[in-house]
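The block underneath contains the structure these notes are about, expressed in structure tokens.
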Amino acid sequence: MICLDLNLRALSIWGHQRRLGDDPGYLVHAATRKIFGGLGPQPFLIQSERSRVLGYTPADETLLRQSLENLRFDEGADSLLSAVFALPEICSRVMPEQWSKGSRYRFSVYCRPTIRRGKVESDVWLMKNYFACEEAKKNGTFDGTIHEFRQLHKGDIEETYRQWLQRRFASAAELQSVTVTGSRSSYLTTRSTKDHRGAPTHSERRSYPETTFVGELCVTESQAFERLVRHGVGRHCAFGFGMLLLKAAQ
């Protein structure tokens, strides 16, 4: 695990100058790939209140530090990009090579609880209620709008999110307790179509849930748990979601 000191202002200006948008997760992804290549941290977590990035990477501190130093001494390099991460503050911690079955950890994870149906990705609670509403209309137990149906089941949001998280851990660990400590919706603009010059010509703006879970877990399958830590929980792990923070339970 690495910790990088983050200059949020430099990151924002760098992204604005390159027309990359204003989503911090995407900007950190773009900046770390530009500096570190395939060794950039993924998954990672932006801690804005501390102006830093935590992330998992196979590279050690020495190699990452060398990449930053090379960027600073490269006369043709992007000078603003070199200001995004402060070199003196980079540090790292070696993670366990094996996660023992039966080990218990307190955890925290910042996720986007979504599911995909074909090419459509949506909030797991919204999707669940859409199909439940359609079924209720078919069997004659409900004749209102989807908005009215969701209002009736609004109290199920946190439980739906907890069930989504339990499915993500099912093959790797048993969640002994889970609490939703924060949840909100945000918008993400995706670009798909490009013209002959490679410039984006089509974009789509969609709403996604962002949820923080905390709790306690027990490892049930060592290799599956290692993969979960390494790859992250849920989707969008390359953009600041899904990093599993762990602390041994007492």
Side-chain angles (χ1 to χ4, degrees), residues 1-2 15 20-33 36 38-48 53-58 95 107-132 150 156-173 175 178-194 200 202-215 217 221 223-246:
M1 182 173 73
I2 65 165
L20 296 176
D22 56 4
D23 176 51
Y26 180 78
L27 294 180
V28 167
H29 166 79
T32 54
R33 288 301 184 271
F36 305 118
L39 296 177
Q42 182 180 328
F44 64 84
L45 174 68
I46 301 173
Q47 295 184 320
S48 299
V53 174
L54 301 178
Y56 294 131
T57 172
M95 299 297 288
F107 73 89
S108 173
V109 62
Y110 180 53
C111 297
R112 275 189 168 145
T114 63
I115 56 173
R116 290 182 65 88
R117 295 279 183 175
K119 294 183 179 180
V120 178
E121 182 180 10
S122 181
D123 181 322
V124 64
W125 178 78
L126 294 180
M127 189 74 81
K128 172 186 174 182
N129 277 272
Y130 171 79
F131 288 106
R150 285 170 176 162
D156 298 336
I157 294 178
E158 290 194 4
E159 180 57 29
T160 300
Y161 287 169
R162 280 193 290 267
Q163 291 174 0
W164 173 89
L165 187 70
Q166 288 170 343
R167 290 193 293 272
R168 306 281 86 72
F169 279 84
S171 64
L175 299 185
V178 183
T179 302
V180 175
T181 61
S183 189
R184 69 187 184 99
S185 293
S186 66
Y187 286 90
L188 178 68
T189 299
T190 58
R191 298 177 177 86
S192 55
T193 307
K194 296 183 179 180
H202 173 74
S203 63
E204 183 179 12
R205 187 171 172 83
R206 296 181 63 86
S207 173
Y208 291 94
E210 298 181 2
T211 304
T212 299
F213 300 94
V214 298
L217 61 83
E221 211 292 316
Q223 291 184 343
F225 189 75
E226 189 274 335
R227 288 192 296 269
L228 190 67
V229 174
R230 178 157 43 93
H231 294 297
V233 180
R235 291 177 52 79
H236 304 274
C237 292
F239 306 108
F241 297 91
M243 182 181 181
L244 193 57
L245 299 178
L246 299 163

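All values derive from a computational prediction rather than experimental measurement.
Here the closest non-hydrogen pair linking A224 and S171 is CB-O, 3.4 Å. Between R150 and L126, the shortest heavy-atom contact is NH2-O, 3.1 Å. Scanning all heavy atoms of the two residues, the minimum distance from P43 to G232 falls at CG-CA, 3.9 Å. Smallest separation of non-hydrogen atoms from T212 and S108: CG2-OG, 4.2 Å. The minimum heavy-atom distance linking R235 with E121 is given by the pair NE-OE2, 2.9 Å. What you find for F44 and G25 is that their closest heavy atoms are CZ-O, 3.4 Å.
With T57 contributing its side chain and L39 its backbone, the two residues share a donor-acceptor pair below 3.5 Å. A donor-acceptor contact shorter than 3.5 Å links the side chain of Y56 to the backbone of L244.
A side-chain N or O of D123 and one of Y161 form a donor-acceptor pair less than 3.5 Å apart.
A heavy-atom distance below 4.5 Å is not found between the side chains of Y130 and R117. Within the 4.5 Å cutoff, side-chain heavy atoms of M243 are placed close to those of M1. With contacts defined as side-chain heavy-atom distances shorter than 4.5 Å, the pair I115/W164 qualifies. You'll find the side chain of T114 stays beyond 4.5 Å of the side chain of V124, heavy atoms only.
Between K128 atom NZ and W125 atom CH2 the span is 10.0 Å, to the nearest 0.5 Å. To the nearest 0.5 angstrom, T211 atom OG1 is 10.0 Å from R184 atom CZ. The OG1 atom of T179 sits 8.5 Å away from atom CD of E158, with the distance rounded to the nearest 0.5 Å. Rounding to the nearest 0.5 Å gives a distance of 9.5 Å between CZ of R116 and CE of M127. Here the CZ atom belonging to R168 is positioned 10.0 Å from the CG atom belonging to L228, to the nearest 0.5 angstrom. Within the model, atoms CG of N129 and OG1 of T160 stand 7.0 Å from one another, a figure rounded to the nearest 0.5 Å.
Residues forming a ring pair (Phe, Tyr, Trp, His ring centres under 6.0 Å) with F107 (at least two apart in sequence, or on another chain): F169. For F241, the ring pair (Phe, Tyr, Trp, His ring centres under 6.0 Å) test picks out Y110, with sequence neighbours left out. Here F213 pairs with nothing under the ring pair (Phe, Tyr, Trp, His ring centres under 6.0 Å) rule; sequence neighbours left out.
In this structure, Q47 places its CD atom where more than 12 heavy-atom neighbours from other residues, nucleotides or ligands lie under 6.0 Å away.
Looking at H29, H231, R33 one by one, the single match for side chain to side chain donor-acceptor pair (under 3.5 Å) with Q42 turns out to be R33.
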